[in-house]
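Comments concern the structure below.
Start at 1 and go down the list; that is how both ligands and their atoms are numbered. None of the values given here were measured: they were computed from a predicted structure.
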Amino acid sequence: MSIRVLAASASTALLALSLLAPPAHSRDPAPPVKVPVATGHGGAVSTVDLDASKVALSVLREGGNAVDAAVAAAAALGVTEPYSAGLAGGGFLVYYDAKRRKVFTIDGRETAPRAMTASSLEGIPFNEAVTSGLSAGVPGSVAQWDLALRRHGTISLRRALEPAARLADEGFTVDTTFHAQTSANAARFKDISSTAALYLPGGAPPPVGSTFRNPDLARTYRELARRGPSWLYGGSLGSEIVRTVKSPPVVPGSTRVVRPGLMELSDLSSYRALRRPAVKTSYQGLDVYGMAPPSSGGSTVGEALNILQVLPSVGLHQYLEASRLAFADRNRYIGDPASVEVPLAELLSDGFAKERACLIGDRAMPHPAAPGSPDGSYTPCPTGPPAGKGTSEAPEGPETTHLVVADRHGNVVAYTNTIESTGGNAIVVPGRGFLLNNELTDFTFGPAPGDPNLPGPGKRPRSSMSPTIVLKDGKPLLAVGSPGGATIITTVLQILVNRLDFGMALPEALAAPRASQRNTPATQAEQGFIDRYGAELTAKGHTFTLTPEIGAATALEFLGGGKVQAVAEPTRRGGGSALVVISK
Ligand code: GLU
């Protein structure tokens, strides 16, 4: 449409105004609908959400780098994907710095309050903990955003929050995913007065197609921009969070048990996002960088790849078995390294991989696989699989969100962030427009003597988040990650296997049907996987349970010569949004 046509239209004044001061998230000619694949130059982004991808794109176009765009997009996701992530959540960020040719990571995982002990969650029904003040961890996201920008970014937190604040003011269009997530949470949202007021206006989920605005969140972002992270970490926003955690605003007359939490303002003021060395694994001559504990992502993806590497061939059977073994070890050994000894180097050693790989035969191994002994002393093939002890995984849901961004300099971010359950702990901080996380449900509830993931004072719960960057000859080849609780690990692993072993193109590697084996008797699988591979794998002794969807991945592939392919899900969780700065 030309300017002349615009001038002739009836709404000239309005249009002219919007041309003069366009909102940052709609300034670019990005398509008005989500597309899952985009290829081009000058920077790229993939998130689950068009608005968030547009925010990242506009930051890139204005000269921001990948970290700037990732933080701005994460804040935007706090508006449009508020049930998956937000400022009161946590996450893990992996960053490739093109100039230094080095991978950095930032741990923004929530922490337990100092008053929490190994028995604090004992005997509490999981479902009751999900909607409680007790499960709210000290938020990590804001400290992580701030640290990422100060270390690796070019813009201030203030600037990075601007587009999200605008998006919260202007609103976004409710899609079927947002509507379905609100409906699925309606029973608990209606019992918390602040949450019902925000997300069940008029007593019901906002209809598909309506515009959802969150002026409280816009104000919160703006005040955070003005006052800085200390407003949360020890300041008055922190006091409001503590008050809400200790005394959740339960609707009078509700019979729901909503336990209060243990968080104090001092827990907030002592919170730190942490820089950690990335976990590195070599696979097929590539370097795979992931997140170190307290995430089990890097070590479990890495161990499974190490196991696959020593097998004579890699197919879906081997993928499932390597994952089974890696999960047995993850469950036994991974916790917050500040609280427990994690034998990370041995878990990722070649000797250990060989010892574990030896257990993989032609048929699915008996359940459960026992953890191995990453003790530095390895026999090429121990006799027969040792008897295992059953593991009980907490239920997994499709929560969380993952984004990837690359800039024109070749810097790359893979960032997974979350408030844990879809809808977090269902408690909106009154007047502030954001939900609290229930990340502490990621701890083992116990009693479980010796479990590395029991709660503890200041401890970070074990995570499965697996933001991953793969380098070839020191340069980025792939960036990938996904939501989905412990299925995050298998989703990332399966995408890597699809791409690197099965030769699928990246869009195909993401779209392919998924299965998740986490040392459980049956493997969770999507219908498409069962239809296509069920018979052949059942003949090898595998059993499957149907699950509607596993993961909602986003990824990048660097095609050489500065060309990048950004990829999102074509259909899972409503499909994602891939954008590039310059197409083709
Ligand atoms: N809390 C999960 C984890 O850290 C992420 C949320 C999810 O996807 O379940 O592993």
Nitrogen or oxygen of P483 less than 3.5 angstrom from that of ligand 1 = no

What is the ring orientation for Y83 with F189, classed by angle as parallel under 30°, tilted 30 to 60°, or perpendicular over 60°?
-> tilted

Output yes when D329 and R356 qualify as a salt bridge under the 4.0 Å nitrogen-oxygen rule, no when they do not.
-> yes

Could you list the atoms of ligand 1 found under 4.0 angstrom from a heavy atom of M465?
-> 4 (O), 10 (O)

Is the closest basic N to carboxylate O distance between D267 and R114 below 4.0 Å?
-> yes

salt_bridge(R109, E420) N-O dist < 4.0 Å | no

Checking heavy atoms under 4.0 Å, the part of R460 that sits near ligand 1 is neither

Should the pair R572-E526 be classified as a salt bridge under the 4.0 Å nitrogen-to-oxygen rule?
-> yes

Numbered atoms and elements of ligand 1 in range of E439, under 4.0 angstrom, heavy atoms = 1 (N), 2 (C), 4 (O)

Polar atom proximity, I488 to ligand 1 (N or O, under 3.5 Å) = no

Atoms in ligand 1 with a heavy atom of G484 nearer than 4.0 Å | 8 (O)

Option of least heavy-atom distance to atom 2 (C) of ligand 1 (set: T400, D442, T441, T418) | D442

Near G485 (heavy-atom distance under 4.0 Å), the atoms of ligand 1 are 7 (C), 8 (O), 9 (O)

Any side-chain heavy-atom pair from L493 and L305 closer than 4.5 angstrom?
-> yes

Location of contacts on R462 toward ligand 1, heavy atoms closer than 4.0 Å | neither

Hey, are E439 and R460 close enough for a salt bridge, meaning a charged N less than 4.0 Å from a carboxylate O?
-> no

